[in-house]
Enquirer: 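Shown below is the structure under consideration.
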Amino acid sequence: MPLPDVLFCAQQIEIPPEFPDILKQFTKAAIRTQPRDVLQWSAAYFSALSKGETLPVKERYEMPVATQKNDTGLTPGLLKILHNQLSPKNLVEEAELVEKWKDLGLPIQQLQNILQLGQFEDEIEWMKFLALACSDLGGTLFSALKYACEILTTDPTGGAAHIQFETFKYLYTYLAMMDTEILESDIEATLLSLQEDVDKQGGLIQPRNFKQLNKSRPHNESKVPS
């Protein structure tokens, strides 16, 4: 379509004073997040910005997926974005989760696998989804819970990654119960063995407290409900 026969001079073109800063922040966010689908992510970014919602932005740069051992699409940084966006609701509509997942350019089949594993209905309990997504990131029960601590902690990046023991207990019990070879008595014994460290840390737990779980077999080999 031909351009309108109108001439503009510099005085007619008005640039909002906040525009340069918006573009600067957007550029920084894009570099830090490294979205797989730049157009889809950009649309999600400005949509969230206009609505005052949590932006789909990583808190820090992660090394490219191609150089990571786990090349499944999801990364701890991307899962942290989803957590920041969706965790305040506790129960999340599947349609909203799918939308946020696609905004990050993640493979839909990976999401479907996690949803099927958790046997979720239309409403998804976020903390259970987070546990299974962490399990997808890590090959062992220890790795899954370590990722969960790093995502949920309020400690500075690179710190001890403390979380509330009650939260850990919920995540650990949920994942362990999905493994038919882990007995309920084993779960109770593990939690009891952690209590001394937890008491010393004011009701908090960190990954080094449960490092004995690192000796368990890969969690993705667990026998889970079909």
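Computation of the quantities below employed the complete heavy-atom set of this structure, encompassing side-chain atoms and omitting hydrogens, waters and symmetry-equivalent molecules.
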Enquirer: Name each donor-acceptor pair under 3.5 Å that joins a side chain in residues 151-159 to protein atoms two or more places apart or in another chain, with its distance.
Expert:
unit_1 : atom_1 : unit_2 : atom_2 : d
T153   : OG1    : D155   : N      : 3.0
T153   : OG1    : H162   : N      : 3.3
T153   : OG1    : H162   : O      : 2.8
D155   : OD2    : A161   : N      : 3.1
D155   : OD2    : H162   : N      : 2.8
D155   : OD2    : H162   : ND1    : 2.8

Enquirer: For a quick test of reading the model, state the closest non-hydrogen atom pair linking P35 to A30 and the distance between them.
Expert: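 Reported closest heavy-atom pair: CD-O, 3.4 Å.
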
Enquirer: Sort out for me which residue in I163, L171, T140, I205 forms a side-chain contact (heavy atoms from CB on, under 4.5 Å) with L145.
Expert: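 Checked I163, L171, T140, I205 against L145; only one passes side-chain contact (heavy atoms from CB on, under 4.5 Å): L171.
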
Enquirer: Do D136 and N113 touch side chain to side chain, with heavy atoms closer than 4.5 Å?
Expert: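 Not touching, per the 4.5 Å side-chain cut-off.
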
Enquirer: With heavy-atom distances below 4.5 Å as the criterion, would you say the side chains of L78 and L82 are in contact?
Expert: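 A side-chain contact under 4.5 Å is absent here.
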
Enquirer: What distance do S135 atom OG and L141 atom CG have between them, rounded to the nearest 0.5 Å?
Expert: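 Answer rounded to 0.5 Å: 7.5 Å.
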
Enquirer: Using a 3.5 Å distance criterion without hydrogens, assess whether the side chain of Q34 forms a donor-acceptor pair with backbone atoms of I31.
Expert: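 Yes, the answer is positive, given that a donor and an acceptor are paired below the 3.5 Å cut-off.
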
Enquirer: When you compare the side chain of L79 with that of H83, does any pair of heavy atoms fall below 4.5 Å?
Expert: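 No. Closest side-chain heavy atoms not under 4.5 Å.
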
Enquirer: Membership question, hydrophobic clusters at under 4.5 Å side-chain separation (ILVMFWY): are Y172 and L183 in the same one?
Expert: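 Cluster IDs for L183 and Y172 differ.
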
Enquirer: Within the 4.5 Å heavy-atom criterion, are N84 and E59 side-chain neighbours or not?
Expert: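 The answer is yes, as the side chains (C-beta and beyond) meet within the 4.5 Å cut-off.
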
Enquirer: Applying side chain to side chain contact (heavy atoms under 4.5 Å, CB included), can you list everything that pairs with E94, at least two apart in sequence or on another chain?
Expert: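 For E94 the side chain to side chain contact (heavy atoms under 4.5 Å, CB included) partners, ignoring immediate neighbours, are V98, L115, D122, I124.
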
Enquirer: Side-chain contact, heavy-atom cut-off 4.5 Å: P56 with T33?
Expert: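 P56 does not reach T33 side chain to side chain.
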
Enquirer: Could you go step by step and tell me if M127 and T167 meet the side-chain contact (heavy atoms from CB on, under 4.5 Å) rule?
Expert: CA-CA 9 Å; M127 290 303 289; T167 302; 3.8 Å; yes

Enquirer: How far does CG of L111 sit from CG of L97, to the nearest 0.5 angstrom?
Expert: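 Between L111 CG and L97 CG, I get 5.0 Å after rounding to 0.5 Å.
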
Enquirer: Not counting sequence neighbours, which residues clear side chain to side chain contact (heavy atoms under 4.5 Å, CB included) with D197? List them please.
Expert: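 Here the qualifying residues are N209.
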
Enquirer: Is any side-chain heavy atom of L49 less than 4.5 Å from a side-chain heavy atom of Q25?
Expert: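 Heavy-atom side-chain distance check fails, nothing below 4.5 Å.
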
Enquirer: Ignoring hydrogens and angles, tell me if any N or O in the side chain of R36 forms a donor-acceptor pair with the backbone of G73 under 3.5 Å.
Expert: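 It does hold such a pair.
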
Enquirer: What pair of heavy atoms forms the shortest contact from A48 to L55, and how long is it?
Expert: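 That closest heavy-atom pairing would be CB-CD2, 3.9 Å.
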
Enquirer: Using a 3.5 Å distance criterion without hydrogens, assess whether the side chain of T27 forms a donor-acceptor pair with backbone atoms of L23.
Expert: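 It does hold such a pair.
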
Enquirer: Which value, rounded to the nearest 0.5 Å, describes the distance between E150 atom CD and K80 atom NZ?
Expert: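 The NZ atom of K80 is 10.0 Å from CD of E150, to the nearest 0.5 Å.
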
Enquirer: Show me the pairs that pass ring-ring contact (aromatic ring centres under 6.0 Å, His included) and involve residues 39-58, at least two apart or across chains.
Expert: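 Those involving residues 39-58 are F26-W41, F26-Y45, F26-F46, W41-Y45.
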
Enquirer: Is there a donor-acceptor pair under 3.5 Å between the side chain of S42 and the backbone N or O of V38?
Expert: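 Yes: the side chain of S42 pairs with the backbone of V38.
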
Enquirer: Where is the tightest heavy-atom contact between A160 and Q206, given as atom of each residue plus distance?
Expert: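 Shortest heavy-atom separation between A160 and Q206 comes out as CB-OE1, 3.1 Å.
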
Enquirer: If every non-hydrogen atom of I182 is compared with every non-hydrogen atom of A176, which pair is closest and at what distance?
Expert: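 So the minimum-distance heavy-atom pair works out to CB-O, 3.8 Å.
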
Enquirer: Please list, chain by chain and in numerical order, all residues satisfying salt bridge (charged side-chain N to carboxylate O under 4.0 Å, His left out) with K102, sequence neighbours excluded.
Expert: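 For K102, no residue satisfies salt bridge (charged side-chain N to carboxylate O under 4.0 Å, His left out) once neighbours in sequence are set aside.
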
Enquirer: At their closest point, which heavy atom of Y174 faces which heavy atom of A131, and how far apart are they?
Expert: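 Closest heavy-atom pair between Y174 and A131: CD2-CB, 3.9 Å.
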
Enquirer: So, using salt bridge (charged side-chain N to carboxylate O under 4.0 Å, His left out) as the criterion, who are the partners of K200 when residues are at least two apart?
Expert: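 In terms of salt bridge (charged side-chain N to carboxylate O under 4.0 Å, His left out), with neighbours along the sequence ignored, K200 is linked to E196.
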
Enquirer: Could I get the full list of salt bridge (charged side-chain N to carboxylate O under 4.0 Å, His left out) partners for E166, not counting sequence neighbours?
Expert: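 E166 satisfies salt bridge (charged side-chain N to carboxylate O under 4.0 Å, His left out) with K169 only.
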
Enquirer: Return the set of residues passing side chain to side chain contact (heavy atoms under 4.5 Å, CB included) with L91 (not counting sequence neighbours), or none when no residue passes.
Expert: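 Checked L91 against side chain to side chain contact (heavy atoms under 4.5 Å, CB included); matches are E123, E125.
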
Enquirer: Nearest 0.5 angstrom please: L132 CG to L175 CG, how far?
Expert: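 Between L132 CG and L175 CG, I get 6.0 Å after rounding to 0.5 Å.
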
Enquirer: Under the rule for ring pair (Phe, Tyr, Trp, His ring centres under 6.0 Å), what residues qualify as partners of F210, not counting sequence neighbours?
Expert: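 Only F142, F168 meet the ring pair (Phe, Tyr, Trp, His ring centres under 6.0 Å) criterion with F210.
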
Enquirer: Q201 side chain to L204 main-chain N or O, any donor-acceptor pair under 3.5 Å?
Expert: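 Answer holds: yes.
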
Enquirer: When rounded to the nearest 0.5 angstrom, what is the spacing between NZ in K128 and CD in Q119?
Expert: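 That separation rounds to 10.5 Å.
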
Enquirer: Does a sphere of radius 6.0 Å around CD in Q109 hold more than 12 heavy atoms from other residues, nucleotides or ligands, not counting ones at 6.0 Å or beyond?
Expert: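 Counting other residues, nucleotides and ligands, CD of Q109 exceeds 12 neighbours.
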
Enquirer: Suppose we screen for ring pair (Phe, Tyr, Trp, His ring centres under 6.0 Å). Which residues come up paired with F129, at least two apart in sequence or across chains?
Expert: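 F129 satisfies ring pair (Phe, Tyr, Trp, His ring centres under 6.0 Å) with W126 once adjacent residues are dropped.
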
Enquirer: Please list all pairs meeting ring-ring contact (aromatic ring centres under 6.0 Å, His included) that have one or both residues in residues 104-123, counting only residues at least two apart or in different chains.
Expert: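 Sorted pair list comes back empty.
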
Enquirer: I need the E184 CD to D186 CG distance, nearest 0.5 Å.
Expert: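 Nearest 0.5 Å value for the CD-CG distance: 10.0 Å.
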
Enquirer: Can you name the residues that form a side chain to side chain contact (heavy atoms under 4.5 Å, CB included) with E121, not counting sequence neighbours?
Expert: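 Scan of E121 (side chain to side chain contact (heavy atoms under 4.5 Å, CB included), adjacent residues dropped) gives none.
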
Enquirer: Taking the side chain as everything from C-beta on, heavy atoms only, tell me whether S193 gets closer than 4.5 Å to Q212.
Expert: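 They are in contact (side-chain heavy atoms under 4.5 Å apart), so the answer is yes.
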
